[in-house]
A.B. asks: 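Below you will find the structure I want to go over with you.
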Amino acid sequence: MNILILTGAGISAESGIPTFRDANGLWEGHPVEQVATPQGFARDPSLVHAFYNTRRRHLLSPDIRPNPAHIALAQWEQELLAPSADHPADDFLIVTQNIDDLHVQAGSRNVLPMHGELLKAQCLESGKVFAWRDDLTVDTPHPEAPEDDSKRGWLRPYVVWFGEVPLGLDRIEKAAARADLFLAIGTSGLVYPAAGIVQCTPPKCRKIEINLADTPTSPAFNEHRHGPAGIEVPKLIAELRSNSQ
Ligand code: OAD
């Protein structure tokens with residue numbers, strides 16, 4: 001059975017990471033254009049760095065840990081696939097829109113972070129990606145040439161901004177086209193192309209949405225589980241496990 005799982009901010013909410021869309025359409029007090037577009041970064045890189053620095057520090061604080069939803073998904077993957085097996089055919093794939101690393105912290109192995117990763121930085125010139133846990137500033141030395149002052153400030157957060165192409169789209173499309181089971185967990189169904197993945201799954205695919213409430217993409221799913229991911233995901237996986245025995 002080929003399983004594809006799409007996760008969004010709602011799966012990390014119970015770990016203490018706020019979801020994106022609050023009542024005013026702001027991200028932690030900032031208009032989206034200011035902190036999540038290439039134009040916003042070009043206009044005020046210090047502000048954008050400060051925004052992601054705050055989020056990176058928060059993610060690295062000891063209080064932020066995977067919750068039962070992340071853990072249940074990781075355990076399920078481990079049960080279904082031998083520990084040493086890799087996933088050449090993406091028969092169990094988590095596509096996450098989240099830039100936190102909570103799926104990986106929980107032990108999930110086949111994770112595709114389509115909107116980038118907060119714990120990475122990217123060179124603006126070469127596109128090379130570096131593991132990154134510190135603050136970034138417009139003066140950050142380049143990791144490959146720390147002595148070269150002309151290369152200071154060449155790093156950007158490795159996150160996909162509005163107007164940029166999400167990562168791994170070919171791979172996601174292929175996994176969707178052969179999925180037998182598709183779960184969408186804690187995502188508002190407002191941001192494309194992620195919100196359109198459900199439409200790329202075949203008619204025979206069982207499609208289940210887990211969210212606190214319905215979303216604009218709910219009609220594309222066969223089943224809906226309303227409730228917090230930390231409760232609904234382990235419950236659903238237990239059900240799927242017992243049905244397959
Ligand atoms: P949103 O903040 O748009 O939506 C979060 C969804 O999770 C909502 O539908 C909530 O109802 C649901 N939710 C909240 N708490 C939940 C819980 N405990 N259990 C289950 N569901 C819960 O987040 P995303 O859909 O992830 O993109 O946003 C998609 C993209 O929009 C983000 O990846 C980001 C943003 O623009 C980029 O940065 C490119």
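Indexing begins at 1, ligand by ligand and atom by atom, following the structure's order.
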A.B. asks: Once you round to the nearest 0.5 Å, how far does CG of Asn67 lie from CD1 of Ile17?
C.D. replies: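 Result: 9.5 Å between the selected atoms.
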
A.B. asks: Just one of Val95, Ile94, Leu93 clears the side chain to side chain contact (heavy atoms under 4.5 Å, CB included) bar with Ile5, so which one?
C.D. replies: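 One option only clears the test, and that one is Ile94.
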
A.B. asks: Answer yes or no: are there more than 12 heavy-atom neighbours, outside Arg133 itself, under 6.0 Å from its atom CZ?
C.D. replies: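 No, because the 6.0 Å sphere around CZ of Arg133 holds 12 heavy atoms or fewer from other groups.
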
A.B. asks: Hey, is His115 touching ligand 1 through its side chain, its backbone, both or neither, going by heavy atoms under 4.0 Å?
C.D. replies: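 For His115, only side-chain atoms sit under 4.0 Å from ligand 1.
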
A.B. asks: Looking only at protein heavy atoms, which one is nearest to atom 4 (O) of ligand 1, and how far off is it?
C.D. replies: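 Minimum-distance protein heavy atom for atom 4 (O) of ligand 1 reads Ser188 CB, 3.3 Å.
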
A.B. asks: For ligand 1, is any non-hydrogen atom under 4.0 Å from Trp161's backbone (N, CA, C, O), its side chain (CB onward), both, or neither?
C.D. replies: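 Neither; no heavy atom under 4.0 Å.
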
A.B. asks: Between Thr7 and His103, is the side-chain hydrogen bond (donor to acceptor under 3.5 Å, both in side chains) condition met? List the steps.
C.D. replies: CA-CA 10 Å; Thr7 65; His103 285 299; 2.9 Å; yes

A.B. asks: Measure Glu232 to ligand 1 on non-hydrogen atoms and call it side chain, backbone, both or neither using the 4.0 Å cut-off.
C.D. replies: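 Answer for Glu232: neither.
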
A.B. asks: Could you check atom 6 (C) of ligand 1 against the protein and tell me its nearest heavy-atom contact, residue, atom and distance included?
C.D. replies: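 Sorting protein heavy atoms by distance from atom 6 (C) of ligand 1 puts Gly186 O, 3.5 Å first.
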
A.B. asks: In this structure, is the centre-to-centre distance between the rings of Tyr158 and His115 below 6.0 Å?
C.D. replies: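 When the ring centroids of His115 and Tyr158 are compared, they turn out to be at least 6.0 Å apart.
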
A.B. asks: Measure the CD1-CD1 distance between Ile185 and Ile11 for me, rounded to the nearest 0.5 Å.
C.D. replies: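 Interatomic distance, Ile185 CD1 to Ile11 CD1, rounded to 0.5 Å: 4.5 Å.
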
A.B. asks: Looking only at protein heavy atoms, which one is nearest to atom 17 (C) of ligand 1, and what is the separation?
C.D. replies: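 Its nearest protein heavy-atom neighbour is Gly10 O, 3.3 Å.
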
A.B. asks: Would you check whether Val160 reaches within less than 4.0 Å of ligand 1, judged by its heavy atoms?
C.D. replies: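 Yes, Val160 has a heavy atom closer than 4.0 Å to ligand 1.
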
A.B. asks: Could you identify the single nearest non-hydrogen protein atom to atom 3 (O) of ligand 1 and state the distance to 0.1 Å?
C.D. replies: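 Residue, atom and distance for the closest contact: Arg21 NH1, 2.4 Å.
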
A.B. asks: Taking the minimum heavy-atom distance to atom 8 (C) of ligand 1, which of Thr215, Asn211, Thr19 ranks first?
C.D. replies: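 Nearest option to atom 8 (C) of ligand 1, by heavy atoms: Asn211.
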
A.B. asks: Given Pro216, Gly230, Ala229, identify the one with the heavy atom nearest to atom 19 (N) of ligand 1.
C.D. replies: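 The option holding the nearest heavy atom is Ala229.
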
A.B. asks: For Ala69 and ligand 1, answer yes if some heavy atom of the residue is under 4.0 Å from a ligand atom, otherwise no.
C.D. replies: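 Distance cut 4.0 Å: Ala69 fails for ligand 1.
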
A.B. asks: Which pairs would a plain distance check flag for residues 160-168, meaning a side-chain donor or acceptor within less than 3.5 Å of a matching protein atom at least two apart in sequence or in another chain?
C.D. replies:
| from | atom 1 | to | atom 2 | distance (Å) |
| --- | --- | --- | --- | --- |
| Trp161 | NE1 | Tyr52 | OH | 3.0 |
| Glu164 | OE1 | Arg156 | NH2 | 3.0 |
| Glu164 | OE1 | Trp161 | N | 2.8 |
| Glu164 | OE2 | Arg156 | NH1 | 2.8 |

